Amino acid sequence: MNTTLRPHDLIWLNARSALEGVTESWVDDVWHTRLPVVVRRDVDAQGRIPVGVRGIKRDQRAAGWAQPDAITRVCTPESLVDPQMLLRSPFISQPPVQVALLLTQQAWPWTWGITGSTGYALATGLPVIHAASDLDLLIRARQPLSRELLEKWRQQLTGGLCRADTQVETPHGAFALNEWLRDGKALLKTSQGPRLVSDPWRREE
């Protein structure tokens, strides 16, 4: 499948053998090809896709690699931001989905998506969220964004129905929005590890 994969994309594989480097015993009991794995941030000299596997329990998380030619389907975080889909979701009564639906009612000057357990639930139909679940969000930002508008976004999420965290993805990595707005700097997650930066859009050597 020819597509550019990015961190937080959900991908489905055609065989257990396509999932490499995963040694946790629970994976063979829980994971199967009808469940996606999530693309994580890493690099591999062999060209494999860095992925994470999630189980039923919160502590069931495993990291591994997937062969690109084994991918049968891709679901991006932004593809889950569809008001009609959210309204039809079996999880519409859950606070994270309610908050996501409220965000779709406004026009934002950037592309955004739903990640984490809420994104996984929306993509699979599996009940992995509940009333106390967080809402994890992603903003795509190839160019610097207005701090004023980002503050408005954060205000929409403050004191709401659930805790919400936003990662902002720049060409050089991703950072936590709350941290950057609060401190003026943030840890930028990159494929080579985290870096403390004040301008997440500027390449720092």
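All figures in this text were calculated on a predicted structure; none of them were measured in a lab. All values below were derived from every heavy atom in this structure, side-chain atoms included, with hydrogens, water molecules and symmetry-related copies excluded.
- Looking only at side-chain heavy atoms (C-beta outward), Pro109 and Leu149 come within less than 4.5 Å of each other.
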Query raised in the report: Under the side chain to side chain contact (heavy atoms under 4.5 Å, CB included) criterion, do Lys152 and Glu148 qualify, and how do the steps go?
Result: CA-CA 6 Å; Lys152 180 182 177 184; Glu148 182 180 0; over 6 Å; no
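- We find that Asp165 and Arg163 are joined by a salt bridge, their nearest charged nitrogen and carboxylate oxygen being less than 4.0 Å apart.
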Side-chain polar contacts of residues 26-34 - donor-acceptor pairs under 3.5 angstrom, sequence neighbours left out - could you list them?
from	atom 1	to	atom 2	distance (Å)
Asp28	OD1	Arg16	NE	2.8
Asp28	OD1	Arg16	NH2	3.2
Trp31	NE1	Leu35	O	3.2
His32	ND1	Arg34	N	3.2

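- In terms of the side-chain hydrogen bond (donor to acceptor under 3.5 Å, both in side chains) criterion, Arg147 has no residue partners (sequence neighbours excluded).
- In terms of heavy atoms, Phe91 sits closest to Ala121 at CE1-O, 3.3 Å.
- Trp65 and Ile49 fall into different hydrophobic clusters, where Ile, Leu, Val, Met, Phe, Trp and Tyr residues are linked whenever their side-chain heavy atoms come under 4.5 Å apart, directly or through other members.
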Taking only distance into account, with no hydrogens and no angle test, what donor-acceptor pairs under 3.5 Å do side-chain atoms of residues 96-108 form with protein atoms, sequence neighbours excluded?
from	atom 1	to	atom 2	distance (Å)
Gln98	NE2	Ile92	O	2.6
Thr104	OG1	Leu101	O	2.6
Gln105	NE2	Leu101	O	3.0
Gln106	NE2	Gln156	OE1	2.7
Trp108	NE1	Leu103	O	3.0

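- Using a 4.5 Å heavy-atom threshold, the side chains of Gln46 and Gln67 count as separate.
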Query raised in the report: Stepwise, does the side chain to side chain contact (heavy atoms under 4.5 Å, CB included) test hold for Asn178 with Arg154?
Result: CA-CA 8 Å; Asn178 287 344; Arg154 182 172 70 167; 3.0 Å; yes
Report task. Might you work through the side chain to side chain contact (heavy atoms under 4.5 Å, CB included) test for Ser198 and Trp180, ending with a clear yes or no? Result -> CA-CA 8 Å; Ser198 55; Trp180 186 66; 5.7 Å; no
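- Judged by distance alone, with hydrogens and angles left aside, the side-chain atoms of Trp201 form a donor-acceptor pair with the main-chain N or O of Gln143 at under 3.5 Å.
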Please tabulate, for side-chain N and O atoms in residues 183-193, each donor-acceptor pair with protein atoms closer than 3.5 Å (sequence neighbours left out).
from	atom 1	to	atom 2	distance (Å)
Thr190	OG1	Gln192	N	3.1
Thr190	OG1	Gly193	N	3.2
Thr190	OG1	Gly193	O	2.5

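- Residues Leu181 and Glu151 are in side-chain contact: their nearest non-hydrogen atoms beyond the backbone lie under 4.5 Å apart.
- The heavy-atom pair separating Pro200 from Val197 by the smallest distance is CA-CG2, 3.9 Å.
- Atom CG in Leu10 sits 9.0 Å away from atom CZ in Arg54 (nearest 0.5 Å).
- Every residue two or more places apart in sequence or in another chain was checked for a salt bridge (charged side-chain N to carboxylate O under 4.0 Å, His left out) with Arg182, and none qualifies.
- Considering only heavy atoms from C-beta on, Leu19 comes within 4.5 Å of Val53 through its side chain.
- Not counting sequence neighbours, the partners of Thr166 by the side-chain hydrogen bond (donor to acceptor under 3.5 Å, both in side chains) test are Trp153.
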For residues 124-133, which side-chain N or O atoms pair as donor and acceptor with protein atoms under 3.5 Å away, sequence neighbours left out?
from	atom 1	to	atom 2	distance (Å)
Thr124	OG1	Tyr120	O	2.7
Thr124	OG1	Leu126	N	3.1
His130	ND1	Ala132	N	3.1
Ser133	OG	His130	N	2.8
Ser133	OG	His130	O	3.3

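- Summarising the geometry of Ala62 relative to Val22, their closest heavy-atom pair is CB-CG1, 3.9 Å, with the distance given to 0.1 Å.
- A donor-acceptor pair under 3.5 Å is absent between the side-chain atoms of Ser79 and the main chain of Cys75, judged by distance alone.
- For Glu179, the salt bridge (charged side-chain N to carboxylate O under 4.0 Å, His left out) criterion is met by no residue, not counting sequence neighbours.
- Contact annotation: the side chain of Ile139 never approaches that of Thr111 to less than 4.5 Å [non-hydrogen atoms, C-beta and beyond].
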Report task. Walk me through it: do His8 and Val39 pass the test side chain to side chain contact (heavy atoms under 4.5 Å, CB included)? Result -> CA-CA 5 Å; His8 302 289; Val39 178; over 6 Å; no
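- Between Met85 and Leu80 the shortest heavy-atom distance is CE-O, 3.1 Å.
- A search for side-chain hydrogen bond (donor to acceptor under 3.5 Å, both in side chains) contacts involving Arg48 returns Glu20, Asp44, not counting sequence neighbours.
- By the salt bridge (charged side-chain N to carboxylate O under 4.0 Å, His left out) test, Arg142 pairs with no residue at all, sequence neighbours left out.
- Side-chain contact between Val51 and Val38 is absent, with no heavy atoms from C-beta onward closer than 4.5 Å.
- Counting all heavy atoms, side chain and backbone alike, Leu138 lies closest to Pro77 at CD2-CG, 4.2 Å.
- For Arg6, the side chain to side chain contact (heavy atoms under 4.5 Å, CB included) partners are Asp9, Glu78, Arg140, not counting sequence neighbours.
- Ser117 and Asp136 make their closest contact through N-OD2, 4.4 Å (heavy atoms, listed as atom of the first residue, atom of the second, distance).
- At least one side-chain heavy atom of Leu5 sits less than 4.5 Å from a side-chain heavy atom of Ile71.
- By the side-chain hydrogen bond (donor to acceptor under 3.5 Å, both in side chains) test, Asp42 pairs with Arg40, sequence neighbours left out.
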